[in-house]
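Note: hydrogens, waters and symmetry copies are ignored here, and every other heavy atom, side chains too, is used.
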Amino acid sequence: MTGAGEDRSLEIDRNLGMELVRVTEAAALSSAPFMGRGDGKAGDQAAVSAMRAVLDTVRMKGVVVIGEGEKDDAPMLYNGEKVGTGEPPELDLAVDPVEGTRLLALGRPNAIAVIAAAPRGSMWVPGASFYMDKIVAGAEAGDAIDIRATPTENLRRVSEATGRPVEQLTVFVLDKPRHEALVNEIRTAGARVSLHTDGDVMGALLAAYPGTGIDLLMGVGGTPEGVIAAVAVQALGGTMQAVRAPQLPEERERLAEVIDQDEMERVLHLSDLLGSDDAFFAATAITGGPFLEGVRYDERVGVRTESLVIRARSGSIRHIRGIHRLNADHIFGERGMAEVVGVIID
């Protein structure tokens with residue numbers, strides 16, 4: 001099992017996030033035609049093709065350490081894949097061309113294309129761990145959260161830290177059978193629950209970003225998604241803890257072969273998940289939501305997108321609205337959209 005280890009941060013001489021957002025824009029534009037058509041994997045494949053093509057134009061020596069596809073048999077940007085032009089800087093990349101494949105297929109809110117990047121060797125690599133229990137809160141909560149405490153206790157602590165009654169707190173939870181007891185306890189404690197079928201990268205983002213109406217994320221979600229989310233949470237000054245929480249017998253068996261029980265139960269903090277402050281996060285909405293507007297078609301102007309770009313070192317946060325022309329010479333996937341070109345509005 002490879003960990004983030006010591007801080008191996010290197011000086012990246014440009015805001016790479018402004019280049020990585022081209023990658024997420026391309027993925028979003030290429031998958032958007034599949035919105036609501038019931039075929040999430042086709043949309044995922046189009047997004048993967050777009051993401052891979054644009055990644056190879058970015059000046060970097062990148063390696064995908066958090067890919068997608070192993071868990072759910074989706075088309076891959078596979079772990080260990082080398083991307084970029086081959087020039088420095090050397091980077092770890094965590095990618096999810098469509099976070100919320102089912103959301104895309106059903107035309108539901110909050111499907112996004114997302115990527116995170118950090119200096120080589122700084123991202124925690126989950127290996128055989130597919131699921132983790134997570135708790136995320138914003139900077140206002142400080143160090144109040146403790147994943148070993150009960151949900152009721154965490155709500156009390158966040159209430160005290162923020163000066164807000166528990167009754168005013170809202171918790172993002174994935175709407176899964178495994179969370180029935182968690183949801184009941186949160187409601188019994190007096191807080192509100194915001195249930196979502198998918199999308200815990202977006203959930204972590206909502207919990208860490210001020211003013212979204214979401215105060216915490218709790219519950220078991222994907223481990224790769226947790227590493228991606230950690231980049232955004234750290235950059236936003238939020239707090240996050242996680243513990244491996246295998247859900248499948250084969251996952252438990254594979255983990256038992258490579259780690260002991262102490263490691264299985266170890267609490268992972270942000271510094272474990274990301275060992276550098278020189279990290280970048282970019283996300284582009286595919287389907288619309290209250291936080292980011294999805295891909296929108298305008299015959300008069302072109303195709304509109306909205307993205308979020310965060311750099312951890314500077315703490316800069318940019319909302320980027322793009323207007324894109326369609327170029328038939330650059331099609332990604334069988335029914336994909338064109339390579340992104342156009343105006344960026346900060």
Side-chain angles (χ1 to χ4, degrees), residues 1-10 12 16-17 19-20 22-24 26-27 30 41 44-99 101 113-132 201 221-232 242 244 246 248 250-251 253-259 263 268 272-276 278-283 332-333:
M1 183 68 63
T2 303
E6 61 187 43
D7 188 346
R8 302 179 186 179
S9 150
L10 52 82
I12 299 176
L16 191 67
E19 297 171 60
L20 294 178
R22 292 178 51 246
V23 177
T24 58
S30 294
K41 286 195 174 181
D44 205 12
Q45 180 63 74
V48 168
S49 298
M51 188 168 273
R52 179 178 282 123
V54 181
L55 273 172
D56 282 340
T57 71
V58 179
R59 180 167 61 85
M60 64 178 175
K61 191 174 184 180
V63 175
V64 176
V65 298
I66 306 289
E68 63 108 34
E70 294 182 2
K71 182 173 63 179
D72 52 5
D73 193 30
M76 281 188 174
L77 266 159
Y78 61 86
N79 293 345
E81 182 170 352
K82 297 179 180 179
V83 294
T85 62
E87 306 167 72
E90 297 187 9
L91 298 172
D92 288 342
L93 297 176
V95 303
D96 200 341
V98 180
E99 202 246 345
T101 305
V114 62
I115 187 168
R120 180 69 51 80
S122 62
M123 280 187 184
W124 184 72
V125 180
S129 181
F130 292 153
Y131 293 92
M132 58 167 44
V201 171
T223 302
E225 290 85 349
V227 178
I228 296 172
V231 176
R244 294 177 182 86
L248 308 171
E250 56 268 31
E251 183 184 3
E253 291 169 6
R254 290 178 64 188
L255 283 171
E257 293 174 358
V258 294
I259 61 174
E263 179 63 22
L268 299 164
D272 299 305
L273 297 169
L274 181 64
S276 172
D278 203 7
F280 304 86
F281 175 92
F332 299 115

Q.
If you apply the rule side-chain contact (heavy atoms from CB on, under 4.5 Å), what do you find for Phe281 with Leu20, and how did you get there?
A. CA-CA 8 Å; Phe281 175 92; Leu20 294 178; over 6 Å; no

Q. Could you go step by step and tell me if Val58 and Val23 meet the side-chain contact (heavy atoms from CB on, under 4.5 Å) rule?
A. CA-CA 9 Å; Val58 179; Val23 177; 4.2 Å; yes

**Q.** Evaluation steps, side-chain contact (heavy atoms from CB on, under 4.5 Å), between Val258 and Glu263
**A.** CA-CA 10 Å; Val258 294; Glu263 179 63 22; over 6 Å; no

Q: Take Ile115 and Asp96 through the test side-chain contact (heavy atoms from CB on, under 4.5 Å) and record every step on the way to the result.
A: CA-CA 6 Å; Ile115 187 168; Asp96 200 341; over 6 Å; no

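Side chain of Arg254 to main chain of Gly127: no donor-acceptor pair is present (N/O by atom type, distance under 3.5 Å, no hydrogens or angles). In this structure a side-chain-to-backbone donor-acceptor pair under 3.5 Å is present from Glu251 to Tyr131. Between the side chain of Asn79 and the backbone N or O of Gly67 there is at least one donor-acceptor pair closer than 3.5 Å. Under the 3.5 Å distance criterion, the side-chain polar atoms of Glu90 are left unmatched by any main-chain donor or acceptor of Gly62. A distance-only check finds a donor-acceptor pair linking the side chain of Thr57 to the backbone of Val54 [under 3.5 Å]. At distances below 3.5 Å, at least one donor-acceptor pair connects side-chain atoms of Glu81 with backbone N or O atoms of Tyr78. Judged purely by atom type and a 3.5 angstrom limit, Asp92 uses its side chain to pair as donor or acceptor with the backbone of Ser122. A distance-only check finds no donor-acceptor pair linking the side chain of Arg59 to the backbone of Gly86 [under 3.5 Å].
Across all non-hydrogen atoms, the minimal contact from Val63 to Lys82 is CG2-CG, 4.3 Å. Of all the heavy atoms in Ala26 and Ala50, the pair that sits closest is O-CB, 3.4 Å. Between Leu255 and Ser129, the shortest heavy-atom contact is CD2-N, 3.8 Å. Of all non-hydrogen atoms in Leu273 and Val227, the two that sit nearest each other are O-CG1, 4.3 Å.
The shortest distance between side-chain heavy atoms of Val95 and Val114 does not fall below 4.5 Å.
Taking CG of Asp56 as the start and OG1 of Thr85 as the end, the distance is 9.0 Å to the nearest 0.5 Å. Interatomic distance, CG of Asp44 versus CE of Met51, reported as 9.5 Å (0.5 Å rounding). Distance check: Leu91 CG to Met60 CE gives 6.5 Å after rounding to the nearest 0.5 Å. Note that the CH2 atom of Trp124 and the CG atom of Leu274 stand 13.0 Å from one another [nearest 0.5 Å].
Under the side-chain contact (heavy atoms from CB on, under 4.5 Å) criterion, Glu250 pairs with Leu248, not counting sequence neighbours. Partners of Ala47 by side-chain contact (heavy atoms from CB on, under 4.5 Å), not counting sequence neighbours, listed by chain and number: Ala27, Ser31, Pro97, Val98. Residues meeting the side-chain hydrogen bond (donor to acceptor under 3.5 Å, both in side chains) test with Glu19, sequence neighbours left out: Arg14. Applying the side-chain contact (heavy atoms from CB on, under 4.5 Å) test to Ala94 and every residue at least two apart in sequence or in another chain returns Ile66, Ala116, Met123, Ile228. For Glu257, the side-chain hydrogen bond (donor to acceptor under 3.5 Å, both in side chains) criterion is met by no residue, not counting sequence neighbours. Every residue two or more places apart in sequence or in another chain was checked for a side-chain contact (heavy atoms from CB on, under 4.5 Å) with Glu253, and none qualifies.
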